[in-house]
A.B. asks: 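What follows is a single structure, and I will ask about it in a moment.
These numbers come from the heavy atoms of this one structure, side chains and all, not from hydrogens, waters or symmetry mates.
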Amino acid sequence: MEYKYGGSITNQKTVLGHPSGLFILFFTEMWERFSYYGMRALLVLFLVASLTDENSGWEWERADATSLYGWYIGLVYLTPIIGGFIADKFTGYRKAIVIGAFVMTLGHAAMALELFADYFFYVGLVLLILGNGMFKPNISSIVGQLYKTQGKEKDAGYTIFYMGINAGAFLGILLCGYIGEQIGWHYGFGLAGVFMFFGMLQFHFGQKIFGKIGLSPKDATDYVDADADNPADMTVVASAKEQEKQHTDPQEDVEPSPSVVKDRLIVISIFALFTIFFWWAFEQAGGSMTIFAADYTDRALEGGAALTFKIINTIITVIPLAVITLVLILLFKQTFKKYAISNLFLGTSFVIIWAIVIWMLVREFQSDSTEVAASWFSVLNSLFIIIFAPLFSKIWQSRFNPSGPVKFALGLILVGVGFAALAYGSLEIPQGAKSAGVSMIWLILAFLFHTLGELCVSPVGLSYVSKLAPIRLVGLMFGVWFIANALAGIIGGWTAGFMDPMLEDYGLVSFFLIFTLIPIAAGIIMLGINKWMISKMHGIR
């Protein structure tokens, strides 16, 4: 027999045409993103909330709040280079993921204790940053090693994985944002940690499905296939391993020449440089765009408008959760017999999430009017990804699949178009205004275009790092990739601090036009160097 995918025998069983192990990673990443985006949705809102409000915050200035947000985002993406190095050299990817998840769980617990002492808030942020550094690059590395070829199937796998990321972000923003704004900030921070804990347990008890993928060098040497229940199975495993050596992609067996490796690393570096412009603009979602939603958008609804929103909110909440639950059932069918404990923790987490969703929806329907939570708009990004990711995955597998540089260019242009919508929506906001009531449609359009751009950049970027980096440097290069995100976050938070000064002197239109013109210019440059970059990939598509 011959294994089609990396990992154990059970991993050869497929869910939606992909190895079962991809969906172990899918749900682990989903709960990690739940915790990350749930906290991210609340951070700036909590910091700027008035001390005299019933749900009081710290009443920081906007510039200070967005600056802390930027540094948090930056450090979250900077620490993965250290975590990737530690995993490559010492712990292996799997142990690093478990360690990172546990540290992040402690971080959320500390933030929930902010009610008792302010320093718990800062302790929580530090733990979240450190835990993310161990978790983030290494789970992405395992995804890449599930596939033995470097073509369209891996791109599609990363796009499916990206759906898991955004399913978690969707639920985290929706529920943590709602509970944080409506019930209490510390409850929202604490809820984010509950599902991080479940994600850690689900991965820990299901990780043997990956075979020797993600083990430390020492553990990989001593590896025995966990799926082999008897000597006959061991013979099959040994035979399969021999055939793997004969039939895997030549790129897995033959180290490219130093000049080819150098060229491919140059391509990764250029992608990383241009992704800074994308994430610099995109990360305004948790900073200036959140402030725009809270203070300049008409979110109060009554009568028929309120009922319409409640119905729409119910649909966009229940349907995606039902789809993800269906994926959970498909995974159960393939892996429950072998990994029952992992599946039970995963199933329990879904029972809890359904209970919270039903409570939230019933509570909203019992109210005659509603005010859309400022954090709710960030849900649209994840919702649009869940809707459009399958379509993009099919396009990337079809004959219409554009090159990586063209995808990046499209992503940059689209994020600029999203800010053009916000600039247009801000035309009637007077200079220096501290509040306004513009239509919600402009934020909705902005998140739509930003999401379409994200689908052209983020999963594609992860896939290209996996394909272009030599296997011995994959974890490290994922860390380097996230350095670009770190710079984008820090610069984005700093830039958001100019929102109030520009509002006073020029108006919000000028502020949002900065994020319109620069990404579009970067996208045009990327289109211009498309052919040169393709040549430097040396056959990798």
A.B. asks: Verify, without hydrogens or angle tests, whether Asn11 (side chain) and Gly21 (backbone) share a donor-acceptor contact under 3.5 angstrom.
C.D. replies: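 The answer is yes, because a donor-acceptor pair under 3.5 Å joins these two groups.
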A.B. asks: Do any N or O atoms from the side chain of Arg62 and from the backbone of Val48 form a donor-acceptor pair under 3.5 angstrom?
C.D. replies: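 Side chain of Arg62 to backbone of Val48: no pair is present.
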A.B. asks: For a side-chain contact (heavy atoms from CB on, under 4.5 Å) check, start with the C-alpha distance between Thr290 and Tyr69, then their side-chain angles and the critical distance, and finish with the verdict.
C.D. replies: CA-CA 12 Å; Thr290 293; Tyr69 169 79; over 6 Å; no
A.B. asks: I'd like to know if the side chain of Asp53 and the backbone of Ala49 have a donor-acceptor N/O pair within less than 3.5 Å.
C.D. replies: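 Side chain of Asp53 to backbone of Ala49, a donor-acceptor pair under 3.5 Å: no, none is there.
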A.B. asks: Should the ring pair Phe46 and Phe121 be called parallel, tilted or perpendicular, given that the plane angle runs from 0 to 90° and is split at 30 and 60?
C.D. replies: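 Aromatic pair Phe46/Phe121 classed tilted.
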A.B. asks: Under 6.0 Å from the OH atom of Tyr296, do we count more than 12 heavy atoms belonging to anything else shown?
C.D. replies: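 Atom OH in Tyr296 is crowded, with more than 12 foreign heavy atoms closer than 6.0 Å.
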A.B. asks: Can you see which heavy atom on Gly416 is nearest to which on Ile520, and at what distance?
C.D. replies: CA-CG1, 4.0 Å
A.B. asks: Name the orientation class of the two ring planes belonging to Phe388 and Phe392 (parallel below 30°, tilted from 30 to 60°, perpendicular beyond 60°).
C.D. replies: perpendicular
A.B. asks: Flag the pair Trp185 / Leu45 as yes when at least one side-chain heavy-atom distance between them is below 4.5 Å, and no otherwise.
C.D. replies: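 Result yes, sub-4.5 Å side-chain heavy-atom pair found.
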A.B. asks: Does one side chain, of Thr370 or Glu364, offer a donor that lies under 3.5 Å from an acceptor on the other?
C.D. replies: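 Yes.
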A.B. asks: Checking Asn381 against Thr451 for the side chain to side chain donor-acceptor pair (under 3.5 Å) test, could you report, in this order, the C-alpha distance in whole Å, the side-chain angles of both residues, the deciding distance, and whether it holds?
C.D. replies: CA-CA 6 Å; Asn381 171 239; Thr451 301; 2.9 Å; yes
A.B. asks: If I compare all heavy atoms of Ser426 with all of Phe292, which pair ends up nearest, and what's the gap?
C.D. replies: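 Heavy-atom minimum between the residues: OG-CE1, 3.5 Å.
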A.B. asks: Got a sec: does the CZ of Phe384 have more than 12 other heavy atoms crowding it under 6.0 Å?
C.D. replies: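 It does: Phe384 CZ has more than 12 such atoms within range.
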A.B. asks: Parallel, tilted or perpendicular for Trp359 and Tyr178, by the 30°/60° rule?
C.D. replies: perpendicular
A.B. asks: Is the Phe26 ring parallel, tilted or perpendicular to the Phe23 ring (thresholds 30°, 60°)?
C.D. replies: tilted
A.B. asks: State whether the side chain of Ser398 and the backbone N or O of Ile395 hold a donor-acceptor pair below 3.5 Å, judged by distance alone.
C.D. replies: yes
A.B. asks: Ignoring hydrogens and geometry, is there a side-chain-to-backbone donor-acceptor pair from Arg33 to Leu171 under 3.5 Å?
C.D. replies: no
A.B. asks: Side chain to side chain donor-acceptor pair (under 3.5 Å), that's the test. Do Trp279 and Thr275 meet it? Break it down for me.
C.D. replies: CA-CA 6 Å; Trp279 291 113; Thr275 201; 3.1 Å; yes
A.B. asks: Treating Ser378 as the side-chain partner and Ala41 as the backbone partner, does any N or O pair qualify as donor plus acceptor under 3.5 Å?
C.D. replies: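 No.
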A.B. asks: So do the side chains of Glu371 and Asp298 get within less than 4.5 Å of each other, counting heavy atoms only?
C.D. replies: no
A.B. asks: Under 3.5 Å, is there a donor-acceptor pair between the side chain of Ser439 and the main chain of Ile441?
C.D. replies: yes
A.B. asks: Please assess Tyr77 against Asn132 for the test side-chain contact (heavy atoms from CB on, under 4.5 Å), listing each intermediate value before the final yes or no.
C.D. replies: CA-CA 8 Å; Tyr77 284 110; Asn132 184 82; 5.6 Å; no
A.B. asks: NE2/His108 to CZ/Phe34 distance, rounded to the nearest 0.5 angstrom?
C.D. replies: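 Nearest 0.5 Å value for the NE2-CZ distance: 9.5 Å.
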A.B. asks: Other residues, nucleotides and ligands only: do more than 12 of their heavy atoms fall within 6.0 Å of CH2 on Trp60?
C.D. replies: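 Yes, the 6.0 Å shell around CH2 holds more than 12 heavy atoms from other groups.
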A.B. asks: What orientation do Phe332 and Phe336 show, parallel under 30°, tilted 30 to 60°, or perpendicular over 60°?
C.D. replies: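 Phe332 and Phe336: tilted rings.
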A.B. asks: Do the ring planes of Tyr122 and Trp58 sit parallel (below 30°), tilted (30 to 60°) or perpendicular (above 60°)?
C.D. replies: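 The rings of Tyr122 and Trp58 sit tilted, inter-plane angle from 30° to 60°.
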A.B. asks: Calculate, to the nearest 0.5 Å, the distance between atoms CE and CE belonging to Met39 and Met111 respectively.
C.D. replies: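 CE of Met111 is found 5.0 Å from CE of Met39.
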A.B. asks: Within the side chain of Glu32, is there an N or O that forms a donor-acceptor pair under 3.5 Å with the backbone of Gly199?
C.D. replies: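 Side chain of Glu32 to backbone of Gly199, a donor-acceptor pair under 3.5 Å: no, none is there.
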A.B. asks: Checking side-chain contact (heavy atoms from CB on, under 4.5 Å) for the pair Lys407/Asn401: CA distance, chi angles, key distance, verdict?
C.D. replies: CA-CA 9 Å; Lys407 292 172 184 173; Asn401 181 35; 2.9 Å; yes
A.B. asks: Within the structure provided, determine whether Phe449 and Ile413 are in side-chain contact (heavy-atom separation under 4.5 Å).
C.D. replies: no
A.B. asks: Between Tyr147 and His18, is a side chain to side chain donor-acceptor pair (under 3.5 Å) present by the stated rule, with each step listed?
C.D. replies: CA-CA 9 Å; Tyr147 297 89; His18 291 271; 2.6 Å; yes
A.B. asks: Would you say Leu422 and Met289 make side-chain contact, with heavy atoms under 4.5 Å?
C.D. replies: yes
A.B. asks: To the nearest 0.5 Å, what is the distance between CD (Gln145) and CD1 (Ile142)?
C.D. replies: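 Between Gln145 CD and Ile142 CD1, I get 7.5 Å after rounding to 0.5 Å.
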A.B. asks: As a quick check of understanding, evaluate side chain to side chain donor-acceptor pair (under 3.5 Å) for Ser288 and Gln284, giving each step before the final call.
C.D. replies: CA-CA 5 Å; Ser288 61; Gln284 296 303 308; 2.7 Å; yes
A.B. asks: Are Phe189 and Cys176 side-chain neighbours, meaning at least one heavy-atom pair lies under 4.5 Å?
C.D. replies: no
A.B. asks: So, do Phe309 and Val372 sit near enough that their side-chain heavy atoms are less than 4.5 Å apart?
C.D. replies: yes
A.B. asks: Just verifying a value: how many Å separate Ile209 CD1 and Phe203 CZ, rounded to the nearest 0.5 Å?
C.D. replies: 11.0 Å
A.B. asks: By the definition ring pair (Phe, Tyr, Trp, His ring centres under 6.0 Å), identify the one residue from Trp442, Phe419, Phe512 that meets it with Tyr424.
C.D. replies: Trp442
A.B. asks: Which atom names give the shortest non-hydrogen contact between Met477 and Ala469, and what distance separates them?
C.D. replies: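 Heavy atoms only, the tightest pair is CG-CB, 3.7 Å.
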A.B. asks: Treating Ser458 as the side-chain partner and Glu454 as the backbone partner, does any N or O pair qualify as donor plus acceptor under 3.5 Å?
C.D. replies: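 Here the side-chain-to-backbone pair does not exist.
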A.B. asks: Do Phe271 and Trp481 pass the side-chain contact (heavy atoms from CB on, under 4.5 Å) test, and can you show the C-alpha distance, the side-chain angles, and the key distance before you say yes or no?
C.D. replies: CA-CA 9 Å; Phe271 277 141; Trp481 179 259; 3.6 Å; yes
A.B. asks: Determine which pairs satisfy salt bridge (Lys or Arg N to Asp or Glu O under 4.0 Å) with at least one residue from residues 276-288, sequence neighbours left out, and list them in order.
C.D. replies: Arg40-Glu283
A.B. asks: Examine distances only and state if a side-chain atom of Ser342 and a backbone atom of Tyr339 form a donor-acceptor pair shorter than 3.5 Å.
C.D. replies: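 Here the side-chain-to-backbone pair does not exist.
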A.B. asks: So which heavy atom on Val415 is nearest to which on Pro519, and how close?
C.D. replies: CG1-CB, 3.6 Å
A.B. asks: Do the side chains of Phe277 and Ile518 get nearer than 4.5 Å, heavy atoms only?
C.D. replies: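 Yes, at least one pair of side-chain atoms sits under 4.5 Å.
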A.B. asks: What are the two closest heavy atoms between Ala169 and Tyr37, and how far apart are they?
C.D. replies: CB-CD1, 3.4 Å
A.B. asks: Identify the heavy atoms of Tyr93 and Ala87 that sit nearest to each other, and give their distance.
C.D. replies: CD2-CB, 3.7 Å
A.B. asks: Can you measure from CG (Leu201) to CD1 (Ile341) and round to the nearest 0.5 angstrom?
C.D. replies: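 Taking CG in Leu201 and CD1 in Ile341, the distance rounds to 10.5 Å.
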A.B. asks: Quick one: side-chain hydrogen bond (donor to acceptor under 3.5 Å, both in side chains) pairs with a partner in residues 485-496, sequence neighbours left out?
C.D. replies: Trp280-Thr495
A.B. asks: So Phe447 and His450, would you call those rings parallel, tilted or perpendicular, with 30° and 60° as cut-offs?
C.D. replies: perpendicular
A.B. asks: State, with a plain yes or no, whether a side-chain heavy atom of Phe27 is found less than 4.5 Å away from one of Ile324.
C.D. replies: yes
A.B. asks: Could you pull out all residues at least two apart from Leu330 that satisfy side chain to side chain contact (heavy atoms under 4.5 Å, CB included)?
C.D. replies: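 By the side chain to side chain contact (heavy atoms under 4.5 Å, CB included) rule, Leu330 matches Val15, Leu16.
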A.B. asks: Could you measure the distance from the OG1 atom of Thr79 to the CD1 atom of Ile86? Nearest 0.5 Å is fine.
C.D. replies: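 So the gap between those two atoms works out to 10.0 Å.
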